[in-house]
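Before any comments, here is the structure.
So that the names make sense, note that chain A is the first sequence line, chain B the second, and so on, each numbered from 1.
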Amino acid sequence: MIGSLAASLGFSANDPSFWMPLVFMGLFFAIIVAGTVLDGFDIGVGCLALIAPRDLSPRMLSLLSPWRDANEFWLFLGMGLFVAAFPNAWGSIMGRLYIPLCVLGLGVLLRSVSFELRLRAPVEMQSRWLTGFGVGSVMTALAHGFLLGELVVTYQTQPSYLWFSFFVGACVLAAYCLIGAAWLIMREGGELRARAVMWGRHAVRWTAAGSVGVSVVLAFANAGIFLKWSDGPQWPVVVALWVAILICFVSIEMCLQRMINQSYRTTALPFMLTLVIFLITLGGLGYSFFPYLVLDNITIWDAAASVSSLRLVLSATIIALPVALIFNIWVYRGMFGLSKPLTPPEYKP
Amino acid sequence: MMNSELWLAQIQFYLSLGFMSLFLVTELGLAWVLLFFKIGAHRSAGAAWTAAYRFWVRVFALAFILTFASSMPVLIQFGSLWPSLMNRIGEIAGPLLAAAIFSTFIFKSCFLGAMLFGHRHLSERVHTFIVFMVAVGVTISALWLVILQSWMQTPAGGSISDGQYRVTDWTGVIFNPSVGWYAGLLMLTSVLTVAFLLAGVSAIQSLHRPVGEGERLVFRTALIMGVTGVILQGLVGAGAGQALAPHQPAKAAATAAYWHSDSKPELLVFAWPDSATKSNRAAVALPYEASRWLGRDARGAPRGLDQFSGMSPPVAVTFWSFRIAVYIWILMAVVSVVSFFRARRHQFDPGGLSRGWRWILTGMTFSGWAMCLAGMSHTFFGLYPYAVNGTVTISEISGNVQGDVLLGGIVVHVLFYLVFLAGFFQLLGHIERYGVVPVARRRGRA
């Protein structure tokens, strides 16, 4: 398969100008998936902190704090890898998206600064920085959704496409709130879990609408993608994926409904199911886009820098990759299950 | 893009870059100062150096987070305001940006958490080593950015063919003619910023209450840093001006407001350059030879602004940003030297200085920031109309964002930056008055 792909482009499969952009695309996709899931629950908890009662929202942010510094780096890594490996698509993609990118940049800035300043601020100021963190999270989520919508319709500027982008923005906000609520259900019991169940129930419907909407519009706005999905031996896979997404949404809905009425036990089920939904949706988007960075316009080989430049970036990546893997495994291994409480420091005489 | 939109885009980008740089120079200087405090704690008995460390590590943490967070809008605007730039210089800027981001990632993830939150869990030697690694990491990341920025000022080691730069020699790219000067200027600006920050905060602490041994050591460190910093900054600044004039003759001519090539170049202390009449009003000049600060043509005569056929930077901005930086430097020199000799008589106890002088030092707390902004304005606006000196112009790399959208963006960004500056000042004022309460963050536990 790789050989035929290479041959259709006119490269040989061992040619570095063929496989290096592929490697970077794989890395970039891995960073997007990791960032969406891991930064996703962070953004979701931040958005929910805006509507949470005053006594719960500080606890929600404290739950985030062990992973804050790792979560905030994903967007940075993704953009850095993109600008280094695919400089020729950088301008085409970013040049048309000034306003949503402004909102994204300011939202991320507000989130990072608010969290750390809240940690160090006197008690009177902490609630203001908490509001700042929430507002920044909402801005980030809306900007992510708007950018996704724009990417899917390839930057058309007619009003109907604009409304679609706003719709996707709202749905991505709901998706992040869902994964945030599911994570909170898993992490902490009591009133926080009960409220998270309610938030999750409200968010599930919008997330489902967004997931379906993005996939459908992507398929119908672009004939090439429709053909890619509907051609030949793909049919069972496509049906299986849609059925899986349906089962996941229905299961989340059922689980949350049950939790409202019956039990508040800790359960990782909503979080895992939301993860599966995210993975399927992102996987579908990635498969649809491959090998284009701008649909029907710029492929990854068009956009990639020259081989010598990619070689340098690859060597930097190889140095950074083990650090990244070890660090992330070490940081995120406590992410599942109930939150472990802090222990007082050991007494050293 | 129209001219006014081009200027709005530049103002927005340099505003974000300037905000990031304020905290970049603070964190760069503080990282090394904190290492100095930790080494002092090893070498002397008593908790004074550790007290100094614990106070200033809070400021370092704030500066670090503000630098890191504000680099996101800079990176985003790098793409949304100048979309064609990476098409032109992607071969060179790509690896350099990747190096900067990856080195930030490695040093931040490995060492910063341990430095800020792991002090009580680690032995003193290990913790000092970690502080050293954080300082090295911050310096390395800053240096990659300096390499990129100085390459855009004096592009070397690359050749441009059908609109795209290709690298001929990476050694030439990294060790381009101006990298040493810009790196030196950045380091010395951060030394001076931190020196006056330390001195100002110590001064205002002493105005509120008698200061302890830790604050006295901080004040002594600050004054010694200040005096050596101004001397070195003067030398490096003068050297940079003369060394870079042949590479950037238009900027040199604009800095000197040297309009006509046949007139005698003057060292202007004060003037108002008028681009309509191409003359300087209310000029006050020093009676010294000025032609070594200017670029020369083939016959060795200094080049005036009339030789660049309009491809020269805005004269008033370039002229005044340079002079504001020099005036600040003079003020810093006077204040630091006088403070040093006065405080020496009281063993560097800030309480020994007069109240008026301590208010002066407090007023100078953020003079390093002013010098940083003035220097950056001179560096970046002096490169106009080029983005890469001599080859790539700003108008050819700009996108097509509307003027009113850009203006709205600038306003919103300024509002956010003012909020964060207010937060930073509020926290600084709080810890100056009430001291530092340690915060905890445990990996995996909440």
Side-chain angles (χ1 to χ4, degrees), chain A residues 62-66 69-70 72-73 75-77 79-81 83-85 87-88 90-95 97-99 101-102 104-106 108-110 112-113 116-117 119-122 125 129 305-306 308-309 312-313 316-317 319-320 323-324 327 330-331 333-334 339-343 345, chain B residues 58 61-62 65-66 68-73 75-87 90-95 97-99 101-102 105-106 108-110 112-113 120-121 166-167 170 399-401 405 409 412-413 416 419-420 423-424 426-427 430 439-446:
Chain A
S62 311
L63 282 170
L64 284 179
S65 80
D69 56 338
E72 68 187 354
F73 215 96
L75 182 62
F76 217 42
L77 263 181
M79 292 189 74
L81 193 68
V83 76
N88 296 324
W90 168 256
S92 315
I93 293 180
M94 304 212 27
L97 299 170
Y98 175 75
I99 296 181
L101 282 173
C102 252
L104 177 68
L106 288 175
V108 171
L109 171 60
L110 183 58
S112 295
V113 175
E116 301 289 335
L117 256 56
L119 193 64
R120 296 163 173 90
M125 304 298 301
W129 291 117
S306 75
S308 51
S309 168
L312 282 169
V313 181
T317 313
I319 298 174
V323 175
F327 173 70
W330 177 58
V331 168
R333 63 170 186 200
S339 168
K340 290 203 212 71
L342 287 165
T343 52
Chain B
R58 170 61 51 88
L62 293 174
I65 198 65
L66 277 158
F68 174 72
S70 54
S71 62
M72 182 55 68
L75 187 57
I76 284 181
Q77 282 164 8
F78 185 70
S80 60
L81 290 176
W82 316 120
S84 319
L85 182 59
M86 283 307 281
N87 286 3
E91 301 286 311
I92 291 164
L97 283 172
I101 291 177
F102 285 150
F105 174 66
I106 291 176
K108 181 173 186 276
S109 55
C110 291
L112 187 71
R120 73 177 83 209
H121 307 292
R166 307 239 167 257
V167 180
W170 268 105
N400 42 19
V401 188
V405 172
V412 173
H413 274 84
F416 272 73
V419 165
F420 298 134
F424 179 76
Q426 198 254 345
L427 273 175
H430 184 86
V439 294
R441 179 177 288 172
R442 282 295 307 277
R443 194 54 81 192
R445 288 178 174 272

Interatomic distance, CD@A/E72 vs CE@B/M72, rounded to 0.5 Å, equals 9.0 Å
Hey, what do you get for OG (A/S309) to CZ (B/R166), rounding to the nearest 0.5 Å?
9.5 Å
Heavy-atom nearest pair, A/P122 first then B/H430, reads CB-CE1, 3.6 Å
Given heavy-atom pairs under 4.5 angstrom as the criterion, report whether the side chain, backbone, both or neither of A/L110 touches chain B.
both
Considering all heavy atoms, the nearest B/P83-A/G95 contact:
CB-CA, 3.8 Å
Is there side-chain contact between B/E91 and A/L312, with at least one heavy-atom pair below 4.5 Å?
no
With respect to chain A, which residue among B/V405, B/L66, B/L97 yields the maximal number of heavy-atom pairs within a distance under 4.5 Å?
B/V405
Counting heavy-atom pairs under 4.5 Å with chain A, the top scorer among B/A61, B/G423, B/P95 is B/P95
When rounded to the nearest 0.5 angstrom, what is the spacing between CG in A/L117 and CD in B/Q426?
8.5 Å
For B/P73 and A/G105 the tightest heavy-atom approach is CG-O, 3.8 Å
State, to 0.1 Å, how close B/F102 and A/T317 come at their nearest heavy-atom pair, and which atoms those are.
CE1-OG1, 3.6 Å
Side chain from CB out, backbone as N, CA, C, O: work out which of these in A/Y98 comes under 4.5 Å of a heavy atom of chain B, or both, or neither.
both
Segment of A/L63 engaging chain B (4.5 angstrom heavy-atom cut-off)
both
Between A/L106, A/V313, A/I319, A/T343, who has the most heavy-atom pairs with chain B when the cutoff is under 4.5 Å?
A/L106
Using the side chain to side chain contact (heavy atoms under 4.5 Å, CB included) rule, pick out the option among A/V108, A/L109, A/L101, A/L97 that qualifies with B/I76.
A/L101
Could you check if a side-chain atom of A/R120 sits within less than 4.5 angstrom of a side-chain atom of B/I65, using non-hydrogen atoms only?
no
Heavy-atom distance under 4.5 Å to chain B: side chain of A/L81, backbone, both or neither?
side chain
Approximate separation, where rounding is to 0.5 Å, of B/I101 CD1 and A/M79 CE
8.5 Å
Counting heavy-atom pairs under 4.5 angstrom with chain A, the leader among B/G444, B/A98, B/G79 is B/G79
Evaluate the side-chain proximity of B/H413 to A/C102: yes if any heavy-atom separation is below 4.5 Å, no if none is.
yes
Ring centroid separation A/F76 to B/F105 under 6.0 Å:
no
In terms of heavy-atom pairs under 4.5 Å, which option from A/G334, A/A85, A/S65 contacts chain B the most?
A/S65
Straight-line distance of B/S80 OG to A/W90 CH2, nearest 0.5 Å
8.5 Å
Taking side chain as C-beta onward, heavy atoms only, is A/E116 less than 4.5 Å from B/L62?
no
Do B/R441 side-chain atoms and A/P66 backbone N/O form a donor-acceptor pair below 3.5 Å?
no
For A/A324, is it the side chain, the backbone, both, or neither that has a heavy atom closer than 4.5 Å to a heavy atom of chain B?
both
Given heavy-atom pairs under 4.5 angstrom as the criterion, report whether the side chain, backbone, both or neither of A/S339 touches chain B.
side chain
Over all atoms of both residues, closest heavy-atom pair of B/M86 and A/N88:
O-OD1, 4.3 Å
Taking atom CZ of B/R445 as the centre, does the number of heavy atoms from other residues, nucleotides or ligands within less than 6.0 Å exceed 12?
yes
Determine the option with the most heavy-atom pairs under 4.5 angstrom with chain A, choosing from B/S70, B/A99, B/S109.
B/S109
